[in-house]
Amino acid sequence: MVFILLYLVTSIIAGDFYKVPITVAFMVSSIYAIATTKGKLRRRINVFSRGAGTSEMMLMIWIFVLAGAFANAAKTMGSIDATVSLTLSLLPSEMLLAGLFLAACFISLSIGTSVGTIVALTPIAAGVAVQTGVSTAMVTAAVVGGSFFGDNLSFISDTTIVATSTQGCRLSDKFRVNSFIVVPAAIVILLLYLILGQSLHTPQTTQDYEPVMVVPYVIVLITAIFGLNVMAVLTLGIVLTGIIGLWTGAFDVFGWFKSMGDGIIGMGELIIITMMAGGLLQVIKHNGGIDFIIQRLTSRIKTKRGAEMTISALVAIVDICTANNTVAIITVGSIARKIGERYHLDARKCASILDTFSCCVQGVIPYGAQLLMAAGLAALNPVSIVPYLYYPFAIGIAAILAIVLRYPRRYS
């Protein structure tokens with residue numbers, strides 16, 4: 001609550017989300033959390049530090065470091081400009097937004113991760129925005145939204161695997177039910193992007209580019225589609241920028257090192273936010289905040305609709321508290337299964353609700369890994385992307401309607 005009041009409310013009142021730096025908001029709320037926790041100060045700080053330094057947090061930070069190095073090295077050697085020129089020459093202007101959204105949907109469905117998709121496509125999307133004059137936040141949001149399509153549906157997505165294993169149903173069954181809920185939302189958003197794209201105008205003449213400059217992004221996309229680990233993908237991309245950049249004379253060895261160093265430094269704020277968010281959320285968990293929320297919500301269930309709404313609220317609130325949709329599903333999965341058994345809910349729909357609501361919330365919280373990564377690569381404030389996140393909001397609405405209207409009927 002301190003974080004929300006200090007950052008969101010103050011920014012809304014001021015009419016400027018840059019007035020209060022998000023790092024300062026996290027610092028103040030973290031100090032408050034430690035101050036209000038019982039025990040010796042050293043032990044309280046240790047609780048915070050454990051959350052900030054978990055293996056999941058360190059993995060996220062490593063991805064930020066590698067993504068920053070790759071993105072800036074590619075930009076310095078001219079790879080982004082070349083890829084943007086290629087994209088503009090291949091896609092008609094009215095298809096740019098829809099094309100980026102579809103590409104993000106396809107890649108994320110193939111690799112099962114939203115972060116990997118965002119890393120691969122955001123720099124290209126940001127470059128397209130500059131060339132066409134469209135809002136960078138809107139184009140970036142199209143990529144982020146599409147990335148959650150696969151995060152929600154892919155058979156190899158960690159959220160899908162966790163949701164089905166906690167509810168005791170098959171991946172294929174959950175995919176079928178989930179498709180009934182989110183595919184109509186995806187089609188609506190695709191049509192929306194086609195309509196919005198009618199007002200876009202690409203430059204009559206695109207910049208000349210060397211085809212070899214496009215290779216790093218092509219290789220990154222191909223290896224990502226084939227399921228190579230995102231850290232390995234980024235490392236390969238960095239190596240390729242060095243080889244091609246040195247061969248074409250875009251920079252020397254020291255210039256390559258400097259471009260990578262500048263890119264890593266540019267990710268500094270995101271790394272700080274990630275660590276402080278992890279520590280803050282660990283303190284909330286340590287003090288029983290998540291358990292309190294779960295107990296209060298589960299005490300008011302009376303109907304099947306109420307049971308499904310409770311499951312959706314549980315996973316959404318825990319995701320807000322942990323900023324990790326997989327962790328949120330793991331946290332409430334067993335409780336959701338007990339609720340489902342007590343109220344005779346279909347396990348396949350329960351798994352779909354868990355996954356869809358976790359992806360919806362994860363897709364719109366400005367301190368989640370996906371928005372932080374997209375904002376860092378596009379040089380934006382993460383909050384500025386939120387109003388354009390049509391797809392995450394759409395799947396949230398679709399999931400609520402599925403509960404209220406008992407849809408799909410066969411699984412309700």
Side-chain angles (χ1 to χ4, degrees), residues 59-60 62-88 90-91 96-130 136 139-154 156-158 213-242 244 260 263 266-267 270 359 362-363 368-380 385 391:
L59 176 62
M60 200 182 302
W62 266 114
I63 293 172
F64 285 162
V65 168
L66 292 172
F70 169 66
N72 203 57
K75 180 180 180 181
T76 303
M77 67 172 274
S79 183
I80 292 178
D81 290 338
T83 308
V84 169
S85 294
L86 176 64
T87 304
L88 293 175
L90 292 177
L91 284 176
L96 282 174
L97 283 172
L100 286 169
F101 177 70
L102 272 178
C105 288
F106 173 72
I107 293 170
S108 61
L109 191 63
S110 302
I111 66 177
T113 169
S114 49
V115 172
T117 305
I118 289 167
V119 166
L121 287 180
T122 299
I124 298 172
V128 167
V130 172
T136 304
V139 177
T140 303
V143 170
V144 174
S147 74
F148 277 100
F149 179 83
D151 199 332
N152 182 212
L153 283 180
S154 175
I156 58 174
S157 167
D158 49 3
M213 292 294 189
V214 182
V215 170
Y217 274 111
V218 172
I219 297 298
V220 163
L221 289 173
I222 291 173
T223 52
I225 289 170
F226 278 96
L228 190 64
N229 180 278
V230 65
M231 294 179 69
V233 168
L234 290 169
T235 303
L236 178 61
I238 290 170
V239 172
L240 286 172
T241 60
I244 296 172
M260 287 190 289
M267 289 289 178
L270 303 188
C359 285
Q362 186 68 21
Q370 291 81 358
L371 276 183
L372 288 175
M373 174 65 75
L377 292 173
L380 295 169
I385 304 172
Y391 181 71

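Count residues from 1 along the sequence.
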Side chain proximity check, Met231 to Ile63, heavy atoms < 4.5 angstrom: yes
pair Met267-Leu377: side-chain heavy atoms closer than 4.5 Å: yes
Euclidean distance, Phe149 CZ relative to Ile107 CD1, rounded to 0.5 Å: 13.5 Å
Atom pair CG (Leu372) and CD1 (Ile385), whose distance is rounded to the nearest 0.5 Å: 9.0 Å
Side-chain donor/acceptor of Ser79 to backbone N/O of Val214, under 3.5 Å: no
Ala67 versus Met373, closest heavy-atom pair with distance: CB-SD, 3.8 Å
Rounded distance [0.5 Å steps], OG1 in Thr117 versus CD in Gln370: 10.0 Å
Nearest-0.5 Å distance, CG of residue Leu97 to CG of residue Leu102: 11.5 Å
Distance, nearest 0.5 Å, that separates CD1 of Ile118 from CG of Leu121: 9.5 Å
Distance (rounded to the nearest 0.5 Å) between Phe148 CZ and Ser157 OG: 10.0 Å
Distance-only side-chain donor-acceptor flag, Asp151 / Ser108, under 3.5 Å: no
Shortest non-hydrogen separation from Val143 to Ala125 and the atoms involved: CG2-CB, 3.7 Å
side-chain contact (heavy atoms from CB on, under 4.5 Å) partners for Leu240, two or more places apart: Pro216, Ile219, Leu236
Gly78 versus Met213, closest heavy-atom pair with distance: O-CB, 4.2 Å
4.5 Å side-chain heavy-atom contact, Phe70 and Val233: no
Nearest heavy-atom neighbours spanning Val220 and Gly237: CG2-CA, 4.0 Å
Over all atoms of both residues, closest heavy-atom pair of Met260 and Ala73: CG-CB, 4.1 Å
With Ala129 via side-chain contact (heavy atoms from CB on, under 4.5 Å) - residues at least two apart: Val134, Thr136, Val139
Note, Cys105 side chain near Tyr391 side chain (heavy atom, < 4.5 Å): no
